[in-house]
Every structure is written in C-alpha cells, then in structure tokens.
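Here the structure is laid out as structure tokens; the discussion comes afterwards.
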2 protein chains.
Amino acid sequence: MDAPSGWKEVDSALEREFSFAHFREAIAFVASVADLAEAENHHPDIEIRFARVTLRWSTHSAGGVTERDRELAARSAELA
Amino acid sequence: MDAPSGWKEVDSALEREFSFAHFREAIAFVASVADLAEAENHHPDIEIRFARVTLRWSTHSAGGVTERDRELAARSAELA
C-alpha cells in the first residue's frame, strides 16, 4: 500500500517534515502528537530542528509500516 | 575546551542522550528544555525515540560549539 499523501516511506518508516514559523509552534505540535501517541499507545520518532519537526511512524515489532502507522500518520498530520 | 561532563562533541555539536522510564517523562523533559531554549533564544536539536531524548547544542553561525552551548548544555541536563 502507498504511503499517505504527504508522507514518504524511508528506512521502513513513514516520514514527513512539518515546518512552522516559530520554535514554539513546533513544540506545541510535538506536544499534540505526544498526546495522540500516549492515547493510542503508539509512539513515532520525533526530531525537532528549530521550527521544523520530522515524524517517523513505524512498528518495530512488525519490522516496518503497518495500517496503524498509516492511520496515525494521517491523524498526526491533522494536528499541524 | 572539553565538553561538559556527560556530553560528547559529535559533528561540531555537544550531544547527550537522556533516558526516562516513560514516554511522558521524555516529553516533559523536552517541554522544559524548550522553555529554556525560548528564554535564552538558543535552540538545541532534539530527537525523541520513545523514552530517550537526544539533545545537540551548537551555534550554526559560529560553525561549532561555543561557551554559550556549554552553558546551556549544562543547564539543560539539570532539567532531566
């Protein structure tokens, strides 16, 4: 199955970079994603470089991207 | 000058990994570091992998690690 729109599959993970105007907005986005991750008990890797945030969704136990990763990738993008 | 205790210099940045028991604690640490970064207007790169957080302090305009990076690295470690 293809990656959700806006995402690419890199090293067996769904990856997308989100750019914001300010660091504080980037951090607020990370906090929202963290709440989603806790609620769903599934946690993306998150990288913050000033006002840019990269999310990487994968399922280590499955060795790659699952339907759940696709669903949570799409839901996390709605938080940006 | 040497890196502060607990930190190593990697690719012209001061780098350190912090491990927590839970994802939520890792996110709380990131929020504290973000507050420090905003207050000081100097922002580390931050990587979150479940309950592990890696901070990287450097000064791009100086092409490497400055005294300010050393100071903020030490202060950020106190937040863990």
Side-chain angles (χ1 to χ4, degrees), chain A residues 7-66 68-69 71-73 75-77 79-80, chain B residues 7-66 68-69 71-73 75-77 79-80:
Chain A
W7 297 79
K8 57 187 174 178
E9 194 165 330
V10 180
D11 295 335
S12 300
L14 284 178
E15 180 178 299
R16 182 167 174 179
E17 185 180 283
F18 299 85
S19 292
F20 300 89
H22 302 287
F23 177 73
R24 191 156 287 286
E25 293 167 42
I27 291 294
F29 173 60
V30 168
S32 297
V33 171
D35 285 344
L36 171 67
E38 277 294 273
E40 296 292 336
N41 195 28
H42 192 48
H43 306 79
D45 288 346
I46 303 171
E47 193 177 291
I48 309 163
R49 288 178 175 241
F50 191 52
R52 285 178 294 133
V53 177
T54 302
L55 299 184
R56 291 184 191 90
W57 289 97
S58 67
T59 301
H60 296 287
S61 59
V65 174
T66 65
R68 185 152 171 70
D69 293 306
E71 178 210 331
L72 289 173
R75 289 176 61 190
S76 60
L79 301 172
Chain B
W7 297 78
K8 57 186 174 177
E9 194 165 329
V10 180
D11 296 337
S12 300
L14 284 179
E15 180 178 300
R16 182 166 173 179
E17 185 181 284
F18 298 85
S19 292
F20 300 89
H22 302 286
F23 177 73
R24 191 156 287 286
E25 293 166 42
I27 291 294
F29 173 60
V30 167
S32 298
V33 170
D35 286 344
L36 172 66
E38 278 293 274
E40 297 291 338
N41 195 28
H42 192 50
H43 306 79
D45 288 346
I46 302 171
E47 194 177 291
I48 308 164
R49 288 178 175 242
F50 192 52
R52 286 178 293 132
V53 177
T54 301
L55 300 184
R56 292 184 189 89
W57 289 97
S58 67
T59 302
H60 296 287
S61 59
V65 174
T66 66
R68 185 153 173 69
D69 293 306
E71 178 209 333
L72 289 172
R75 289 176 60 190
S76 61
L79 300 172

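Chain naming here is simple, since letters A, B, ... match the order of the sequence lines and numbering starts at 1 in each.
Among the candidates B:H43, B:R52, B:H22, B:R49, the residue making the largest number of heavy-atom pairs closer than 4.5 Å to chain A is B:H43. Between chain B and the residues A:E47, A:R56, A:E38, the largest count of heavy-atom pairs under 4.5 Å involves A:E38.
With rounding to the nearest 0.5 Å, the separation of CD1 in B:I27 from CG in A:D35 is 9.0 Å.
Proximity to chain A (any heavy atom under 4.5 Å) is restricted, for B:A37, to the side chain, taken from C-beta onward.
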Show your reasoning for whether side chain to side chain contact (heavy atoms under 4.5 Å, CB included) applies to A:V30 and B:I46.
CA-CA 11 Å; A:V30 168; B:I46 302 171; over 6 Å; no
